[in-house]
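One structure is given here, and the rest of the page talks about it.
Proteins get letters first, then strands, A, B, ... in listed order; numbering begins at 1 in each. Since we're looking at a predicted model, the values are computed, not measured.
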Number of protein chains: 2
Amino acid sequence: MPLRNAQANLDHVDHQLLKALSEDADVTNKALAGRLGLAESTCAYRVRALREAGVITGTRVQLDLALLGHPLQAIIMVRLGSHTMANVNQLYDALAATPGVLQAFHVAGADDFYLHVAVENAEALRDFVLRHVTTHRVVRQTETHLVFEVRTGAGVLGSEGQ
Amino acid sequence: MPLRNAQANLDHVDHQLLKALSEDADVTNKALAGRLGLAESTCAYRVRALREAGVITGTRVQLDLALLGHPLQAIIMVRLGSHTMANVNQLYDALAATPGVLQAFHVAGADDFYLHVAVENAEALRDFVLRHVTTHRVVRQTETHLVFEVRTGAGVLGSEGQ
DNA sequence: TGTGAAATATAACGCTA
DNA sequence: TAGCGTTATATTTCACA
């Protein structure tokens, strides 16, 4: 999704709700209401309001990629030779839709895309680059960096008290 | 979490369940069972089994970072001057825990960490680097790349029929 | 896999401050 | 307007056949 600029009006309770849900999205409404000292009806209403306002855009399951047979992760930096709008968008669509791609970053700088991928092994990584990235004519150069570990960061909710 | 090597035994139904849940983790058990042609009790049992097996490690809400006042994203590449185990681990902990950090990648290559961050504006980005990254003595160099857009990729579930 | 009972979620309603 | 409590209905969860 493209980055936008509008900002929502969130009070202290909203922030606490988002924080709690960020840590554990599976918490029951009852437990959530209890922790924040809200009535269950109020808690459910506010969470729904956050979804309708678009602050909570969805819910995602996290998978153990190693258990799924993809224990090897890498960041592949992709540099284009031509930067027409059509070229960039078309490649972006193709890369994001390629199996194994976890995230695709469109970035400023010498490189155009960073691909976060998870693959079966080193051979599959080589094949991924050769078969799904460098095959696109517009790709001029790639640079693959092995990922030792990924951690989920603190996020944006701890910083501001609003 | 560190990347591991074990692999789970998943059949076709498991794959379909994971795929459906990856697209929409909020789907009700009833709808999920209906889509895959399973009994509701069986469907609920299998999803729980996937959680207990560690294949599904958790559930997370997705937030609109722009609506939360952090419309600007960047990738910050961090290079260390010293690579003792203690130095690396301590810095990794500190960076991942810094507010604004979405993900922290520990990678191979010239750089040691890639930080995916979301901040309020350009000034906040400068402050982030100066106050939370380059202040660590072990950091020798940083390189900040603006992120135009991030897309969620296809993931690892489309590739193999298992 | 199906069933049934208990717990929970959801949505609508009116009341209060 | 926002919070609260109470409904009725739908759904989930769990133990058991």
Exercise for the section: Please confirm whether the backbone N or O of A:F148 pairs with a side-chain atom of B:H106, one donor and one acceptor, at under 3.5 Å? Expected result: no
What is the distance, rounded to the nearest whole Å, between atom [atom1] of [X] and atom [atom2] of [N]?
{"X": "A:E52", "N": "D:dA2", "atom1": "CD", "atom2": "C1'", "value": "15 Å"}
{"X": "B:L38", "N": "D:dT12", "atom1": "CG", "atom2": "P", "value": "14 Å"}
{"X": "B:E40", "N": "D:dC14", "atom1": "CD", "atom2": "C1'", "value": "14 Å"}
{"X": "B:N29", "N": "C:dA7", "atom1": "CG", "atom2": "P", "value": "20 Å"}
{"X": "A:Q16", "N": "D:dG3", "atom1": "CD", "atom2": "P", "value": "13 Å"}
{"X": "A:R51", "N": "C:dT10", "atom1": "CZ", "atom2": "P", "value": "9 Å"}
{"X": "A:D26", "N": "D:dT13", "atom1": "CG", "atom2": "P", "value": "9 Å"}
{"X": "A:R46", "N": "D:dA2", "atom1": "CZ", "atom2": "C1'", "value": "8 Å"}

Practice task
Would you indicate, yes or no, if D:dT13 has its OP1 or OP2 atom less than 4.0 angstrom from a side-chain nitrogen or oxygen of B:S41?
Solution key: no
Problem - Below 4.0 Å: OP1/OP2 of D:dT12 and any side-chain N or O of B:R48 - result: no
Completion exercise
Partner of A:F128 under side chain to side chain contact (heavy atoms under 4.5 Å, CB included), picked from A:T144, A:T134, A:T98, is A:T98
Practice task
Take A:A44 and B:Y45, find for each the nucleotide of DNA chain C with the closest heavy atom, and name the residue whose nucleotide sits nearer the 5' end.
Solution key: B:Y45
Completion exercise
Checking D:dG5, D:dT12, C:dT1 against the side chain of B:A39 (C-beta onward), the nearest is C:dT1
Problem - Closest to side chain of A:T42, choosing from C:dG2, C:dA9, D:dG3 - result: D:dG3
Practice task
Run the salt-bridge test on B:D11 and B:R46 with the 4.0 Å N-O cut-off and return the result as yes or no.
Solution key: yes
Practice task
Assert yes or no for the condition that the ring centre distance of A:F105 to B:H116 is strictly below 6.0 Å.
Solution key: yes
